[in-house]
Amino acid sequence: MAPGLIDPQPAVSAPSISSLRSLTEDYDDSGLRFYLNGTLVALNEDLDPEITLLEYLRGIGLTGTKLGCAEGGCGACTVVVSQFNPTTKKLYHASVNACLAPLVSVDGKHVITVEGIGNVKEPHPAQERIAKSSGSQCGFCTPGIVMSLYALLRNNVDPSELEVEEAFDGNLCRCTGYRPILDAAQTFSTQKGCGKATANGGAGCCKENGASQQNGGCCRAGANDDRHVKRFTPPGFVEYDPDTQLIFPPALMKHDFKPLAFGNKRKRWFRPVTMKQLLDIKSVYPSAKVIGGSTETQIEIKFKAMNYSASVYVGDIAELRQYSFKDDHVEIGGNVVLTDLEDICLEALKRYGPVRGQPFTAIHKQIRYFAGRQIRNVGTPAGNLATASPISDLNPVFVATNTVLVAKSTQKEIEIPMTEFFKGYRTTALPPDAIIACLRVPIARSNGEHLRAYKQAKRKDDDIAIVNAALRVSLDDGHKVESVNLVYGGMAPTTVSAKGATKYLKGKVFTDPATLEGTMKSLEADFDLRFGVPGGMATYRKSLALGFFYRFYHEVLSELDVSAGQIDEDVREEIERGISTGKKDLNAAQAYAQTVVGKTNPHLAALKQCTGEAQYTDDIPVQKNELYGVLVLSTKAHAKIRNVDTSPAMNLPGVTNYVDHHDLPNPEANWWGAPNCDELFFAVDEVFSAGQPIGMILADSAKHAEAGARAVKIDYEDLPAIFTIEEAIASESYFQHYRYINKGDSEKAFKEADHVYTGIVRMGGQEHFYLETQACVAVPKPEDGEMEIWSSTQNPTETQSYVSQVTGVQANKIVSRVKRLGGGFGGKETRSVQLAGICSVAAKKTKRPVRCMLNRDEDILTSGQRHPFLARWKVAVNDDGKLQALDADVFCNAGWSQDLSAAVIDRSLSHIDGCYLIPNVHVRGRLAKTNTVSNTAFRGFGGPQGMFIAESYMEEVADHLGMPVEKLRAINFYKPDEITHFNQELKDWHVPLMYKQVLHESEYGERRKAIDEHNANSKWKKRGLAIIPTKFGISFTALFLNQAGALVHIYHDGSILVSHGGTEMGQGLHTKMTQIAAEALGVPLSDVYISETATNVVANTSSTAASASSDLNGYAIWNACGQLNERLKPYRERLGKDATMKELAHAAYFDRVNLSANGFYKTPDIGYVWGPNTGQMFYYFTQGVTAAEVEIDTLTGDWTCLRADIKMDVGRSINPAIDYGQIEGAFVQGQGLFTTEESLWHRASGQIFTKGPGTYKIPGFRDIPQVFNVSLLKDVEWENLRTIQRSRGVGEPPLFMGSSVFFAIRDALRAAREQYGVDDVLSLQSPATPERIRVSCADPILKRSLVVPRDGEKSFFMSI
């Protein structure tokens, strides 16, 4: 939550402070003692009690550990904390989120960071293998991923393939698509037979289940044994030797955990080490905040401004971390961490058996998908219960199993049945002076008792539940219900029992079909949600509540003596994911590879990124006298600003200044935007969107600046606001920009065609979610108004231009520098300018360096997203399937300013034909003006939206015609040299060829038959298959941007320094550019270096975007190298062909030959004119085809991608490793766009709700296709391709390939609907979330769950 949204309030009052201090006066107050990377650290009593472990590490210069979200959801801050575990009595190396960990939690432990395990010269095997396997692109997430793998290897030298995959469930990566990281990590694994085997977390291999014969063969399709096979270290990699790792400091084995007390007037920490000490503190100060894992408390402090003046860390009380097995229950200490609870559950299952151990099967299942490993390593049952979250995964199980909670205080011990514990939203029956000492989980009966737990979320791993449940029933010998608990989360403000259904079931014969129907009716009444229910998704949540019971009912029946006809066998199993694999054609470039170009080389900075040595903007060392800035943001979607009162902020400690529009040289300097200057750096009298900057508070630290920003008081007068495209259309709220493409006579074609069909396409936006948020360091110089700007930007020149504007000096005095970006994807093309401009104003005013790195929520609030789109289309088609005409009105939600929206809508119109020849086209585009964040460039830049419209109408037209869509596509493909609707000839056109190749290589026809057979026999699990082509135009649509410059220096020692206008953001641009220079100059790759991108070296650069940077900058470098080669030609002739560059440079220098060259390139031939529809719009098209197969669970909306086969035409690849990484990463990002990534706005406040990893779900490691095959087109000639090395741009084009998963889901839904006789054409909105999948089905459970709005009722959330 952004500063400025909530007034800071103390979480506790202080009447008992004096008695607390007297109680703890004997506590050790000398500070903390722990080891850091093998070295003892002693922090004295002056240490700041409010800083986290991450803030401490970065503050002392260990910047390898990154800040990605500050809520423990991305894993960028992962470190390892080694300690003697009081639960297991063993040494454990825990991966933890340093952004959440209070510093007190590491006392007496060993903290290991990415810097501590290796460096570029001597990397750890985990670092080296990820780097060499192309597992690091932008690299910002990489240190955290490395440390998760390191923790796994320290705890388990022979991890299974499943354990390797699940080790990363708390880490996110936005660049790689995960496949190369998993490939690297799996080199450490031990293969344990089948991926479906119980050893690998599955329900059982066919051999275990004895089902191989009835299924017609082994599920492993060729694997022949279940022996453990340790993978060998790949050639060229360092061997992993567990005996050579950092030892656990012997002194810590003897560490005496003493009670600690330290802090200041604002906050004090207490660390008791016995239960008595804790109870004594609670007795005198009941409101003291008890903290175990701090997984929720730190989020409250960071984002909700909670101030806990007295905090008690209980993680080192060994008594609370014990467990014991009894005859009728298991006693589990309240502070046993969830990782240990997983193992306790498995131990309990061995002890009690699968029947009596059912409660522990349920607990284990829920923990497996509870958050990430980093959270499970510190989170505890007591913390989970005390927070009383209504969507807790464990609480329903504790209630359903009739667990007893044991609460202790100094006065007494009380037992609270879990059925009576939750009193209301976030309130419990725990007495204020008591703590949760332990839980007594009953053992199930040896017969007649049945228990299951369920959960459905937006994403399988590391996600909070939408709805969860624990359902238990006890039956007598006649199957009559003796007792029952139906407990749900996510259906009410607290964990709740379905009282009506519970009452109904008691005494009923469970096997009587009427019992099922009666219970379902009762559940309908129990959960009679209204349409506008908080949290939204009323129909979906209700269907899940009923669906979970339906599944439970049939699971129980399968264990009873009933006829097979009574059991719905297909509903019993949930979707299980196997171990993921993938193939690449590593020889694709063999035919045209040169000495350096065309060779597979890892990203040049990958090893630095894996060791934490790569520097990002916020890693730049703190400057002398530096200030930290925090934005003051609007909390209103549309309002007049009556008054801004900064006085409360200026009175706070550390706050030094405030800047706003009054600090600009003139009012005109406040305007910015490209190409239209219609946006303000600082709001003046009116705000047009929540999150619009009003000012910036400056302070001596980030914490002080955050507190100051929150304290600024702003008085608003609300104004009417528009949010959605539909609202904008109704209000005719548009920007002036209007484009159209008109070719042929569409009206005539509609009259003459055999069929005319219409439809509406709706596509949501997408958050960039680069792991490094917007960041800037502005450094003023003492002379002439000079300033140096370090910015995480794709656009150094525009940054320079606007900093010049807001500081009132010429551009020649502003230097904009970029070392690297932690991801960009278009989100730092223009939106980075806003922060850089504001920081430079602050730096000029104060004459001090100013630093700002946005929090994740601030970044999402201010920096814009991919544009949501709405299209109304009409298509004419003949009986033979030939398309005759297309007419479409296309709208995008631009937000409150135009930014790049005009170019985005333009590109969508040029891609609305997909890959299909349509003789008559008339398409029009408008920009909807709304009161939301200004949307901006995002990988694909309108192309994916245009192609999504195309593939949507192709799907729906095929359904109308009763024709397979694969056939409709093939019938209408462009042929070579045919003309697009914008009159461009298609040269080197390979889509039809690749379409045939993918159909063959993926065995598409055979799999289609198998899927049809599966769907005919499966009631609830449906599979779908789709094959999608892409045609993506490469060039900036703004003609002037298609240019680039480069500067190449040759030094005396033969080394070469290359500078160019592109920025490195993980896409491997610098790697490719060094390869081009090395090839051109005939030197080893190691002799070429690129330091940074800077405007005082290469001026007037275009933004790094449009997938054109390799083309533009590569040719500029080639041009410069050509000049140098011409100058060196006489020396090569004189010294011979074997002369080294050092010898050549030396000789040339003494002859006074210039060894520097300035190269330049501009794209030829292009220059489209809108309206007349003349001129060439794109230099060429990058093409591709992808087939994807999915399986959906129609009962819950859960799904998995079983397989994807991608083939891309990238021309002659400069570096196949880089290109494969771009393809995999873009595909997974595209899969997220069309499936899991849904942006939602809170209707009442007009603010975006999905502003962090807790609510916005990008794909994780176990969301990628289970079989992920990628290949490059080869064995063709690119006769007309005149790019550098005849390569094609690859950054954006593969993203739309992710839509193949969406259309495979739609294919599966068609089968699900047909099963119930619904044959109308499905119009599926993107993204295809589990909710949309479920509500698109047509089964009776869904129909009885349908919630309709009452008069005037609106949903809780809205999609814009």
Side-chain angles (χ1 to χ4, degrees), residues 198 201-203 323 325 328-332 336 338-371 376 379-381 384-385 389 391-405 417-419 421-422 439-457 460 464-465 467-475 483-491 495-498 502 544-545 547-556 558-559 571-576 1196 1198:
T198 52
Y323 68 100
F325 296 116
D328 61 348
H329 70 274
V330 175
E331 188 165 294
I332 300 166
V336 168
L338 298 179
T339 291
D340 290 337
L341 183 54
E342 286 182 84
D343 294 332
I344 292 168
C345 288
L346 295 176
E347 192 178 342
L349 279 169
K350 289 180 181 178
R351 182 184 181 95
Y352 300 110
V355 176
R356 298 186 69 210
Q358 287 180 87
F360 308 102
T361 301
I363 293 171
H364 186 270
K365 177 184 176 183
Q366 298 302 76
I367 293 176
R368 183 182 177 192
Y369 297 113
F370 179 95
R376 299 199 296 274
T380 66
N384 204 42
L385 290 164
S389 169
I391 51 174
S392 162
D393 295 334
L394 288 177
N395 293 351
V397 182
F398 292 141
V399 175
T401 54
N402 296 309
T403 292
V404 173
L405 182 149
M418 282 303 305
T419 52
F421 184 70
F422 300 108
L439 296 166
R440 292 174 183 158
V441 183
I443 309 303
R445 288 174 11 185
S446 55
N447 58 70
E449 186 167 354
H450 306 270
L451 171 69
R452 297 291 188 277
Y454 304 100
K455 173 184 177 179
Q456 183 59 47
K460 192 79 170 179
I464 56 176
V467 175
N468 51 34
L471 310 178
R472 185 195 66 82
V473 64
S474 293
L475 310 176
S483 67
V484 60
N485 293 98
L486 307 178
V487 187
Y488 288 86
M491 297 301 294
T495 301
V496 64
S497 293
T502 300
L544 287 172
F548 286 161
F549 180 79
Y550 183 83
R551 175 164 279 160
F552 171 69
Y553 181 82
H554 288 282
E555 283 195 70
V556 174
S558 69
E559 296 174 354
V571 81
R572 292 172 50 212
E573 296 298 329
E574 299 177 44
I575 287 180
E576 281 191 15
T1196 62
D1198 198 15

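Only heavy atoms go into these numbers, but all of them, side chains included; no hydrogens, no water, no symmetry mates.
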Could you check whether any side-chain N or O of N468 sits under 3.5 Å from a backbone N or O of S392, counting only pairs where one atom can act as donor and the other as acceptor?
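Here the side-chain-to-backbone pair exists.
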Check whether any side-chain heavy atom of N485 sits under 4.5 Å from a side-chain heavy atom of L471, and report yes or no.
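When only atoms from C-beta onward are counted, L471 and N485 do not touch, as no gap falls below 4.5 Å.
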Short side-chain to backbone donor-acceptor contact, Q358 and E449, under 3.5 Å
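The answer is yes, because a donor-acceptor pair under 3.5 Å joins these two groups.
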State which residues pass salt bridge (Lys or Arg N to Asp or Glu O under 4.0 Å) with R376; sequence neighbours excluded, sorted by chain then number.
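With neighbours one apart ignored, the set is D169, E342.
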Any side-chain heavy-atom pair from L439 and V404 closer than 4.5 angstrom?
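In short, these two side chains do not touch, never coming nearer than 4.5 Å.
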When you compare the side chain of P381 with that of L338, does any pair of heavy atoms fall below 4.5 Å?
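Touching, per the 4.5 Å side-chain cut-off.
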If you define the side chain from C-beta out and look only at heavy atoms, does anything of M491 sit under 4.5 Å from V467?
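Yes, side chains in contact.
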By side chain to side chain contact (heavy atoms under 4.5 Å, CB included) - contacts of A498 (at least two apart)
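Listed in chain order: L486, Y488, A501, L523, D526, F527.
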Listed pairs under 3.5 Å, donor-acceptor, residues 344-353 side chains, sequence neighbours left out:
{"residue": "E347", "atom": "OE1", "partner": "Y323", "partner atom": "OH", "Å": "2.9"}
{"residue": "Y352", "atom": "OH", "partner": "K326", "partner atom": "N", "Å": "3.3"}
{"residue": "Y352", "atom": "OH", "partner": "K326", "partner atom": "O", "Å": "2.6"}

Taking only residues at least two apart or on different chains, which pairs with a member in residues 391-403 satisfy salt bridge (charged side-chain N to carboxylate O under 4.0 Å, His left out)?
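Applying salt bridge (charged side-chain N to carboxylate O under 4.0 Å, His left out) to every pair that reaches into residues 391-403, excluding sequence neighbours, yields D393-K455.
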So, using side-chain hydrogen bond (donor to acceptor under 3.5 Å, both in side chains) as the criterion, who are the partners of T495 when residues are at least two apart?
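Per chain and number, T495 pairs via side-chain hydrogen bond (donor to acceptor under 3.5 Å, both in side chains) with no residue.
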Using the test ring pair (Phe, Tyr, Trp, His ring centres under 6.0 Å), find all partners of F398 that sit at least two apart in sequence or belong to another chain.
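F398 satisfies ring pair (Phe, Tyr, Trp, His ring centres under 6.0 Å) with no other residue.
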How would you list, by chain and number, every residue that makes a ring pair (Phe, Tyr, Trp, His ring centres under 6.0 Å) with H554, sequence neighbours excluded?
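With neighbours one apart ignored, the set is Y550.
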Minimum side-chain heavy-atom gap E331-H329 below 4.5 Å
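When only atoms from C-beta onward are counted, H329 and E331 do touch, with a gap below 4.5 Å.
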Using the rule given for side chain to side chain contact (heavy atoms under 4.5 Å, CB included), can you reason through F422 versus V399, listing the C-alpha separation, both sets of side-chain angles and the distance that settles it, and then say yes or no?
CA-CA 10 Å; F422 300 108; V399 175; 3.9 Å; yes
Compare all side-chain heavy atoms of T403 with those of P442 and state whether any distance is below 4.5 angstrom.
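Heavy-atom side-chain distance check passes, below 4.5 Å.
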Non-hydrogen side-chain atoms of V355 and N447 separated by less than 4.5 Å:
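The answer is no; the side chains never approach within 4.5 Å.
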Picking from V397, L394, T339, what satisfies side-chain contact (heavy atoms from CB on, under 4.5 Å) with I367?
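Running side-chain contact (heavy atoms from CB on, under 4.5 Å) over V397, L394, T339 with I367 returns exactly one hit, L394.
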F549: ring pair (Phe, Tyr, Trp, His ring centres under 6.0 Å) partners, not counting sequence neighbours:
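Listed in chain order: nothing, the list is empty.
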Residues in side-chain hydrogen bond (donor to acceptor under 3.5 Å, both in side chains) with S474, at least two apart?
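Testing S474 for side-chain hydrogen bond (donor to acceptor under 3.5 Å, both in side chains), a comparison that skips the adjacent residues, returns R472, S483.
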Results of salt bridge (Lys or Arg N to Asp or Glu O under 4.0 Å) for R572 - residues two or more places apart only
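If we apply the salt bridge (Lys or Arg N to Asp or Glu O under 4.0 Å) test to R572, skipping adjacent residues, the hits are E569.
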Taking only residues two or more places apart in sequence, or in another chain, which ones meet R452 in a salt bridge (Lys or Arg N to Asp or Glu O under 4.0 Å)?
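Here the qualifying residues are E555, E559.
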Contacts of F360 that satisfy ring pair (Phe, Tyr, Trp, His ring centres under 6.0 Å) - sequence neighbours left out
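Result, ring pair (Phe, Tyr, Trp, His ring centres under 6.0 Å) vs F360: none returned.
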Keeping R445 on the side-chain end and L475 on the backbone end, is there a donor-acceptor pair under 3.5 Å?
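The answer is yes, because a donor-acceptor pair under 3.5 Å joins these two groups.
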Just by distance, do the side chain of Q456 and the backbone of L544 share a donor-acceptor pair under 3.5 Å?
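Not at all, since once roles are kept as given, no pair shorter than 3.5 Å links the two residues.
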